[in-house]
Amino acid sequence: MDPVFGQLSFDDHEQIVFCNDKDTGLKAIIGIHNSVMGPALGGTRMWNYNTEWEALNDVLRLSRGMTYKSAITGLNIGGGKAVIIGDAKTQKTPELMRKFGEFVHSLGGRYITAEDVGMETKDMDTVRDVTPYVTGISEERGGSGNPSPITAYGVYLGMKAAAKSQFGTDVLEGKKVLVQGIGHVGEALVEYLTKEGAIVTITDINEEKLFQVASKYNASIYSGEDLYTADVDIYAPCAMGAIINDATVDKIKAKVIAGAANNQLADENVHGARLQERGILYAPDFLINAGGIINVYAELEHYGKAEIMSKTENIYNTTLEIIEYAVKNGMTTHKAALTIAQNRIDLRKIENAKK
């Protein structure tokens, strides 16, 4: 198999940049998927990948997702992503982040970075020391700050829209919801759900965080052997991707899947269709988790909190529209969202060619 162009996750990406610095230990990959709508915007993830192939596959899938996330949300921005190979808890240093920022800067604005898994707002501030091509910096430095609460709000609204379609009401009070992954976004989602009166169960690989969040929001901790078989109404994946796969897709008992994780479907065609066959409503991840990109995009367009909230709240309506489009055209909700997003990109490509 060819190293890059032969990857299954390679989807006509425009540019893949491999970054290496011996002094800081930086090993990173930047993926620019599509810049038809504008410069590629997407966060940087630091993760201790098992192999470099795994890291490459992740950045390819994530950057592609960003293209469609921005397009379906109506933002004039392209899709990109970056991954840094390493343990964020032990290997991330200011020197490493500055060196990464220099690589971002070398692209001249084709890629604009932001916060993702393993990153904090302070890390984006460090990157900002060496390049202007970064969003999600602290409010003290004129940025929009941590995007996680806005991301969680969008997921919450997308979940409500999916519930309305599946259950006939968007009221989540009394609904049993399993939240898998309680990082920054997952915990904020738990808060929204708890305030509405949902019956929340949580799970995470970090036991200390698990007990802390359970105590804070009076949530239950999942104690079964296989969380996919949990007797819940809604399953919210908020950790890593590809968790709906051959081994899990037929186990899921929830009637709605709506979470913050990117690329939840290991194979978007096969597993999206299987969920549909089983009568499980899937809220497309790249649509309902778009609150974060809306939040950081505000820094580029210079609009305030009110417009951030307005654009994020529109995720509710867009989710309902996607579900309706899927039913009308006999396709999965994931395919429907991709189709509408791609139509917007194609239209812009035609407009750009006329200039």
Side-chain angles (χ1 to χ4, degrees), residues 3-4 13 15-33 39-63 65-66 79-148 151 181 183-185 205-206 208-209 239-241 261-263 292-293 295-296 299-300:
V4 177
H13 284 69
Q15 190 173 4
I16 310 295
V17 182
F18 295 87
C19 313
N20 179 68
D21 181 68
K22 182 180 179 180
D23 292 338
T24 62
L26 174 72
K27 292 186 182 299
I29 309 172
I30 298 172
I32 298 175
H33 176 251
L41 173 62
T44 295
R45 169 174 296 187
M46 188 166 186
W47 191 257
N48 204 13
Y49 294 97
N50 293 318
T51 66
E52 292 175 6
W53 294 113
E54 189 179 289
L56 175 59
N57 182 62
D58 205 26
V59 79
L60 289 172
R61 283 171 58 87
L62 289 167
S63 55
M66 292 306 299
K81 206 79 173 185
V83 298
I84 297 175
I85 301 171
D87 188 330
K89 293 180 180 178
T90 61
Q91 294 175 274
K92 184 172 59 179
T93 63
E95 292 75 22
L96 181 142
M97 293 309 303
R98 275 193 287 271
K99 180 56 68 173
F100 173 72
E102 290 176 14
F103 279 107
V104 171
H105 191 70
S106 72
L107 294 172
R110 274 183 53 75
Y111 169 64
I112 302 167
T113 196
E115 180 183 328
D116 201 290
V117 175
M119 291 290 152
E120 306 284 347
T121 303
K122 64 181 180 180
D123 299 316
M124 296 304 102
D125 284 349
T126 301
V127 172
R128 184 65 179 82
D129 289 339
V130 295
T131 182
Y133 305 124
V134 56
T135 57
I137 59 175
S138 62
E139 295 182 52
E140 292 79 13
R141 296 187 63 168
S144 56
N146 181 8
S148 298
T151 302
H184 295 312
V185 176
I205 58 175
N206 185 334
E208 183 180 349
K209 184 71 181 292
M240 299 300 281
N262 288 304
N263 302 315
I293 197 74
N295 190 65
V296 296
E299 293 180 28
L300 305 179

*Asks:* Looking only at side-chain N and O atoms, does H105 offer a donor or acceptor that is under 3.5 Å from a partner on T131?
*Replies:*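 Yes.
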
*Asks:* Residues two or more places apart in sequence or in another chain: which of them pass side-chain contact (heavy atoms from CB on, under 4.5 Å) with N20?
*Replies:*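 Testing N20 for side-chain contact (heavy atoms from CB on, under 4.5 Å), a comparison that skips the adjacent residues, returns K27.
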
*Asks:* With a 4.5 Å heavy-atom cut-off, do T93 and L96 have their side chains touching?
*Replies:*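 The answer is yes; the side chains approach within 4.5 Å.
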
*Asks:* Taking the side chain as C-beta and beyond, is there a heavy-atom pair between I293 and L41 under 4.5 Å?
*Replies:*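 Side chain of I293 against side chain of L41, heavy atoms only: contact under 4.5 Å found.
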
*Asks:* What salt bridge (charged side-chain N to carboxylate O under 4.0 Å, His left out) pairs are there with at least one residue in residues 125-139, not counting sequence neighbours?
*Replies:*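 Residue pairs with at least one partner in residues 125-139: D129-R141.
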
*Asks:* The criterion is salt bridge (Lys or Arg N to Asp or Glu O under 4.0 Å); which residues satisfy it with R61, sequence neighbours excluded?
*Replies:*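 Salt bridge (Lys or Arg N to Asp or Glu O under 4.0 Å) check on R61 returns nothing, list empty.
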
*Asks:* Do I112 and V296 make a side-chain contact, defined as non-hydrogen atoms from C-beta onward lying under 4.5 Å apart?
*Replies:*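 Heavy-atom side-chain distance check fails, nothing below 4.5 Å.
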
*Asks:* Ignoring hydrogens and angles, tell me if any N or O in the side chain of H33 forms a donor-acceptor pair with the backbone of L60 under 3.5 Å.
*Replies:*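 It does not hold such a pair.
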
*Asks:* Who pairs with D123 by side-chain hydrogen bond (donor to acceptor under 3.5 Å, both in side chains), at least two apart in sequence or on another chain?
*Replies:*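 Checked D123 against side-chain hydrogen bond (donor to acceptor under 3.5 Å, both in side chains); matches are K92.
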
*Asks:* Under the salt bridge (Lys or Arg N to Asp or Glu O under 4.0 Å) rule, collect the residues that match up with E95, sequence neighbours excluded.
*Replies:*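 Salt bridge (Lys or Arg N to Asp or Glu O under 4.0 Å) check on E95 returns R98.
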
*Asks:* With sequence neighbours excluded, what pairs up with Q91 under the side-chain hydrogen bond (donor to acceptor under 3.5 Å, both in side chains) test?
*Replies:*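 With sequence neighbours excluded, Q91 shows a side-chain hydrogen bond (donor to acceptor under 3.5 Å, both in side chains) to no residue whatsoever.
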
*Asks:* The criterion is side-chain contact (heavy atoms from CB on, under 4.5 Å); which residues satisfy it with A239, sequence neighbours excluded?
*Replies:*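 So A239 forms no side-chain contact (heavy atoms from CB on, under 4.5 Å) with any residue.
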
*Asks:* Quick one: list whatever passes side-chain contact (heavy atoms from CB on, under 4.5 Å) with E102, sequence neighbours left out.
*Replies:*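 Per chain and number, E102 pairs via side-chain contact (heavy atoms from CB on, under 4.5 Å) with K99, V130.
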
*Asks:* Tell me, do V83 and M46 make a side-chain contact under 4.5 Å, heavy atoms counted?
*Replies:*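 No, too far: nothing below the 4.5 Å cut-off.
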
*Asks:* Applying side-chain contact (heavy atoms from CB on, under 4.5 Å), can you list everything that pairs with T51, at least two apart in sequence or on another chain?
*Replies:*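 For T51 the side-chain contact (heavy atoms from CB on, under 4.5 Å) partners, ignoring immediate neighbours, are W53, E54.
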
*Asks:* Please list all pairs meeting salt bridge (charged side-chain N to carboxylate O under 4.0 Å, His left out) that have one or both residues in residues 79-89, counting only residues at least two apart or in different chains.
*Replies:*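 Found K81-D116.
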
*Asks:* Report the residues that fulfil side-chain hydrogen bond (donor to acceptor under 3.5 Å, both in side chains) with T113, sequence neighbours left out, ordered by chain and then residue number.
*Replies:*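 With neighbours one apart ignored, the set is T44, Y111.
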
*Asks:* Say whether, by atom type as modelled, one donor and one acceptor occur between the side chain of T151 and the main chain of G292 under 3.5 angstrom.
*Replies:*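 Pair found, side chain donor or acceptor close to backbone of G292.
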
*Asks:* I'd like to check the salt bridge (Lys or Arg N to Asp or Glu O under 4.0 Å) partners of K122; sequence neighbours left out, ordered by chain and number.
*Replies:*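 If we apply the salt bridge (Lys or Arg N to Asp or Glu O under 4.0 Å) test to K122, skipping adjacent residues, there are no hits.
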
